[in-house]
Asks: 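I'd like to ask some things about the structure below.
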Amino acid sequence: MPHEIPGSLDARVAVNRLELRDDVEMSKRYDALVIGAGPAGASAAYWLAQNGHSVLVVERKRFPRDKTCGDGLTPRSVKQLTDMGLAEPLSDFHRYDGLRSIAHGVTMELAWPQHPDFPDYGYVVRRRDLDEMVAERAVKAGATLWQGCEAIEPTLENGIVTGATVKHKDTGTLENVSARYVVVADGANSRFGRALGTTRDRKYPLGMAVRGYYRSPRHDDPWIESHLDIVDRSGDHVPGYGWIFPLGDGRVNVGVGLLSTFSGWKDINTSKLMETFVDVAPSYWGLSADTADGPVTGGKLPTGGSVTPNVGPTWIVAGDASGSINPFNGEGI
Ligand SMILES: Cc1cc2nc3c(=O)[nH]c(=O)nc-3n(C[C@H](O)[C@H](O)[C@H](O)COP(=O)(O)OP(=O)(O)OC[C@H]3O[C@@H](n4cnc5c(N)ncnc54)[C@H](O)[C@@H]3O)c2cc1C
């Protein structure tokens with residue numbers, strides 16, 4: 001039985017309108033079309049290509065591109081990247097041993113545990129470097145990557161998703177990409193996923209976080225650091241944490257994050273929270289407005305598998321698009 005897209009009327013109208021277009025070129029048919037070349041899309045593309053499937057990844061930006069993040073890779077991420085053959089390029093980046101956790105005057109240095117499956121170390125890698133590395137790996141495995149190319153609408157045949165219309169941003173040309181399966185990995189806002197009818201359940205926690213880079217004498221510290229007792233301007237504690245993650249290149253990634261689990265969370269100004277955190281962070285990091293390296297930027301963290309439906313007969317939603325971030329620590333890579 002044909003699958004009806006459960007999306008809004010607008011989404012269905014957009015799809016119907018598309019069927020009337022005559023300004024759209026047709027591409028060859030792929031086994032899989034992956035939308036978005038962040039960690040979710042690029043790793044899906046890698047595994048599909050590695051297993052012999054023809055894969056096209058469309059990415060609306062061009063590498064190298066940044067993505068607002070804490071840049072922290074836990075042992076779980078390192079394992080995933082190692083499984084994709086990326087252990088060697090990863091080893092050029094800053095490796096750390098565990099978490100220094102600080103709250104209410106107590107400091108604990110918690111080394112990553114010995115584990116049968118996961119390494120006992122992590123890395124801190126700027127997303128500008130990491131995402132290009134993973135996308136290149138997918139291409140090396142046989143995936144085709146179109147950069148500067150945005151998926152703008154799903155295409156349908158008899159109610160089944162059969163690909164997408166993509167826009168080549170340089171030329172403005174539209175092209176219909178046809179695929180047996182579509183992997184939607186377009187990040188936290190997931191416009192493409194919403195066009196397929198996905199929604200985020202607001203009962204689940206949503207994270208909001210901001211980060212900036214700072215030059216620091218402790219840029220090669222062997223611990224990432226988290227502060228579990230962050231306060232707002234009036235000195236009241238807020239549910240969230242601040243972090244300082246050393247990059248090993250002269251800089252540290254500094255940020256604060258909150259969960260939407262308390263009333264009034266929308267009234268918290270995260271930029272001000274960040275300023276306060278930088279003011280009160282331990283002096284050994286040397287953080288101040290003078291050591292800031294670039295602007296503070298922020299983003300949403302959809303957590304806990306909060307987006308549904310995350311699968312249809314011919315499509316699947318992955319990564320932030322499916323709300324897959326761990327609500328405990330904000331880990332989504
Ligand atoms: C401030 C902050 C700090 C964080 N810190 C950490 C951390 O330290 N460690 C950790 O593990 N996680 C962290 N996270 C979470 C992590 O950044 C995300 O979970 C992760 O990036 C999700 O990867 P993704 O591939 O699903 O999405 P993204 O990384 O957002 O990638 C989506 C990609 O899709 C592209 N795209 C979007 N729409 C389209 C379209 N229509 N057509 C084509 N391309 C499209 C985008 O350009 C982008 O490249 C943090 C998040 C924030 C906001």
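Predicted model, so just to flag it, every value in this text is computed and none were measured. Order of appearance sets the numbers: ligands from 1, and atoms from 1 within every ligand.
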Asks: Would you say the side-chain atoms of D236 pair up with the backbone N or O of D232, donor to acceptor, closer than 3.5 Å?
Replies: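 Side chain of D236 to backbone of D232: no pair is present.
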Asks: Please classify the I325 to ligand 1 contact at 4.0 Å (heavy-atom distances, strictly less than): side chain, backbone, both or neither.
Replies: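 Under 4.0 Å from ligand 1, I325 contributes side-chain atoms alone.
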Asks: Using a 4.0 Å heavy-atom cut-off, which part of L301 comes near ligand 1: side chain, backbone, both, or neither?
Replies: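 Side chain only.
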Asks: Can you tell me which portion of K67 lies within the under-4.0 Å heavy-atom range of ligand 1? Options are side chain, backbone, both, or neither.
Replies: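 Side chain only.
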Asks: Report the part of R191 (side chain from C-beta onward, or backbone N, CA, C, O) that has a heavy atom under 4.0 Å from ligand 1; answer both or neither where that applies.
Replies: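 It is neither; nothing of R191 touches ligand 1.
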Asks: Numbering the atoms of ligand 1 from 1, which are under 4.0 Å from a heavy atom of I35?
Replies: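 Listed by number with element: 40 (C), 42 (N).
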Asks: Less than 3.5 Å between some nitrogen or oxygen of R65 and one of ligand 1, yes or no?
Replies: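 Min N/O separation from ligand 1 is below 3.5 Å for R65.
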Asks: Do any N or O atoms from the side chain of T155 and from the backbone of G163 form a donor-acceptor pair under 3.5 angstrom?
Replies: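 A pair under 3.5 Å: yes.
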Asks: Indicate, as side chain, backbone, both or neither, the part of S77 found under 4.0 angstrom from ligand 1 when only non-hydrogen atoms are considered.
Replies: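 Neither; no heavy atom under 4.0 Å.
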Asks: Is M208 near ligand 1, meaning one of its heavy atoms is under 4.0 Å from it?
Replies: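 Contact check M208 vs ligand 1: negative.
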Asks: Select the closest option to atom 40 (C) of ligand 1 among G212, A151, S322, judged by heavy-atom distance.
Replies: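 Result: the heavy atom closest to atom 40 (C) of ligand 1 is in A151.
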Asks: Counting heavy atoms only, which part of C149 comes closer than 4.0 Å to ligand 1: side chain, backbone, both or neither?
Replies: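 Under 4.0 Å from ligand 1, C149 contributes backbone atoms alone.
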Asks: Among all protein heavy atoms, pick the one closest to atom 14 (N) of ligand 1 and tell me residue, atom and distance.
Replies: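 Closest protein heavy atom to atom 14 (N) of ligand 1: G330 O, 3.5 Å.
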Asks: Decide if the gap between the ring center of F277 and the ring center of H227 is smaller than 6.0 angstrom.
Replies: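 Between H227 and F277, which both carry aromatic rings, the centre distance is below 6.0 Å.
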Asks: Is there side-chain contact between R215 and R251, with heavy atoms separated by less than 4.5 Å?
Replies: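 Result yes, sub-4.5 Å side-chain heavy-atom pair found.
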Asks: Does ligand 1 have an atom under 4.0 Å from some heavy atom of G255?
Replies: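 No, that is not the case, since the closest heavy atom of the residue is not under 4.0 Å from the ligand.
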Asks: Taking the six-membered ring of Y213 (Phe, Tyr or Trp), confirm whether the NZ or CZ of R126 is under 6.0 Å from its centre and within 45° of its axis.
Replies: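 Yes, R126 sits over the ring of Y213.
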Asks: Quick test of your reading of the structure: of R60, R211, Q147, K167, whose heavy atom lies closest to atom 36 (N) of ligand 1?
Replies: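 It is R60 that holds the nearest heavy atom.
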